[in-house]
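Report on the structure given below.
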Amino acid sequence: GIGMDDEFADSPPSKEFLHDASLHRDPRVRMYSAMNRETPFDDLLRLVTADKDPDIRSTALPQLIWTSRTQHREIPIEVIRQGAISSDSKIREIIARSRTTPKDILIALADDDIEDVRAHVARNNVTPIEILIDLASDESEKVRLAVAQAIEPPSVPGRRDNRGPDVPREVFELLAKDSDLKVKWNIAGNKHTPVDILIDLASDESKHVVSRAIKNENIPIDVLIDSA
């Protein structure tokens with residue numbers, strides 16, 4: 001077993017220590033294990049599915065998802081499905097942003113009552129394109145902004161562009177007419193935005209959107225000259 005004096009040892013905890021911590025009677029010690037990505041997969045799975053403390057269950061879930069990828073372990077689908085219908089919206093958010101979440105669950109979470117859950121669905125690059133179309137007209141500005149950000153090309157050179165090339169024109173049309181300035185600003189700077197939509201944004205009533213549009217690499221030269 002482990003004692004309370006060992007709970008926050010200075011040296012990196014061993015797998016054995018984290019295993020023992022996950023079984024400890026004190027919830028503070030189990031929480032330490034739940035927060036640690038080095039905790040063995042099976043221990044994290046037990047914390048997620050069987051711990052009596054809901055805070056520990058929700059804390060262990062992102063570590064479980066991370067560990068499943070790094071250790072090439074598969075999370076039981078029933079755990080993901082239970083997380084998707086949890087009464088705790090924070091757990092649903094974790095499921096919504098995980099790239100291992102099945103598409104049918106992402107589709108269901110796209111209708112979640114909580115806007116942060118829907119926003120995480122929008123940012124998830126495995127979310128089906130047809131769901132992005134629906135979310136592009138979501139009642140929440142936060143969700144629509146999440147869509148606009150999700151279809152932007154990656155900022156890191158060499159990283160694969162998973163979204164932009166496949167996004168239908170309809171999404172750009174919806175977001176370019178959005179009432180929220182930040183949404184339009186993102187579309188104005190997107191290199192995948194159709195040129196005619198980009199031209200319209202270059203004459204937007206917002207100077208911030210106009211400035212962003214004329215700096216887009218695809219803006220026609222005559223529009224650039226007229227704006228000078």
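Because the structure is predicted, anything quoted here is derived from the model rather than measured.
The hydrophobic clustering, which links ILVMFWY residues whose side-chain heavy atoms are closer than 4.5 Å, places L23 and F17 apart. Linking Ile, Leu, Val, Met, Phe, Trp and Tyr whenever their side-chain heavy atoms come within less than 4.5 Å leaves W66 and I91 in two separate clusters. Criterion: ILVMFWY side-chain heavy atoms under 4.5 Å apart, direct or through other members. Under it, F172 and L174 are not part of a common hydrophobic cluster. Taking hydrophobic clusters as Ile, Leu, Val, Met, Phe, Trp and Tyr residues chained together by side-chain heavy-atom distances below 4.5 Å, L64 shares a cluster with I77. Both I129 and I187 are assigned to one and the same hydrophobic cluster, defined by single-linkage of ILVMFWY side chains at heavy-atom distances under 4.5 Å.
Heavy atoms only, all atoms of each residue included: L135 and A110 are closest at CD2-O, 3.8 Å. Residues N186 and Q149 approach most closely at OD1-CG, 3.8 Å, considering heavy atoms. Nearest heavy atoms, V209 versus W185: CG2-N, 4.1 Å. Shown here for E152 and N190, the closest heavy-atom pair between the two residues is CA-ND2, 3.5 Å. Scanning all heavy atoms of the two residues, the minimum distance from V117 to L109 falls at CG1-O, 3.9 Å. Across every non-hydrogen atom of V143 and A119, the tightest pair is CG2-N, 3.9 Å.
The existence of a salt bridge linking D88 and K90 is excluded, since no basic side-chain nitrogen approaches an acidic carboxylate oxygen closer than 4.0 Å. Between R144 and D178 there is a salt bridge, with a side-chain nitrogen of the basic residue lying less than 4.0 Å from a carboxylate oxygen of the acidic one. Taking the charged nitrogens against the carboxylate oxygens, D196 and R169 do have a contact shorter than 4.0 Å, which makes a salt bridge. Of the charged side-chain nitrogens involved, none lies within less than 4.0 Å of a carboxylate oxygen, so that R123 and E93 do not count as a salt-bridged pair. For D53 and R30, the salt-bridge test fails: no basic side-chain N is under 4.0 Å from an acidic carboxylate O.
A donor-acceptor pair under 3.5 Å links the side-chain atoms of S68 to the main chain of I65, judged by distance alone. Checked by atom type and distance alone, the side chain of S98 never pairs as donor or acceptor with a backbone atom of I94 at under 3.5 Å. Under the 3.5 Å distance criterion, the side-chain polar atoms of T127 are matched with a main-chain donor or acceptor of N124. Under the 3.5 Å distance criterion, the side-chain polar atoms of Q63 are matched with a main-chain donor or acceptor of T59. Put simply, the side chain of D204 never gets that close to the backbone of V210: no donor and acceptor are under 3.5 Å apart.
When side chains are defined from C-beta on, L175 counts as touching V147, because their heavy atoms get closer than 4.5 Å. Residues T101 and V126 form no side-chain contact, since every pair of their non-hydrogen atoms from C-beta on lies 4.5 Å or further apart. The shortest side-chain heavy-atom distance between P153 and H192 falls under the 4.5 Å cut-off. In this structure the side chain of R212 never reaches within 4.5 angstrom of the side chain of N216, judged on heavy atoms. Annotation: side chain of T193 is not in contact with side chain of N218 (no heavy-atom distance under 4.5 Å).
Taking CZ from R92 and CZ from R97, the interatomic distance works out to 13.5 Å, rounded to the nearest 0.5 Å. With rounding to the nearest 0.5 angstrom, the CD atom of E217 is 11.5 Å from the CD1 atom of I219. S33 OG to E38 CD: the interatomic distance, rounded to the nearest 0.5 Å, is 11.0 Å. The CD atom of E173 lies 7.5 Å from the CD atom of E170; values are rounded to the nearest 0.5 Å. Summarising the geometry, atom CZ belonging to F41 is positioned 8.0 Å from atom CD belonging to Q71; distances are rounded to the nearest 0.5 Å. Note: L61 CG to L47 CG = 11.0 Å, rounded to the nearest 0.5 Å.
S140 and R118 are not linked by any side-chain donor-acceptor pair at a separation below 3.5 angstrom, with hydrogens and angles left out of the test.
In K215, the NZ atom is not crowded: 12 or fewer heavy atoms of neighbouring residues, nucleotides or ligands sit closer than 6.0 Å. Counted within 6.0 Å of CZ on R99, heavy atoms from surrounding residues, nucleotides or ligands total 12 or fewer; the atom is thus considered open. Heavy atoms from other residues, nucleotides or ligands lying under 6.0 Å from CD of E205 number 12 at most.
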> Taking it one step at a time, do R46 and S22 satisfy side-chain hydrogen bond (donor to acceptor under 3.5 Å, both in side chains)?
Replying inline: CA-CA 9 Å; R46 176 171 31 77; S22 74; 3.0 Å; yes
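Here the rule is side chain to side chain contact (heavy atoms under 4.5 Å, CB included) with T67, and of L44, D43, T39 only L44 fits it.
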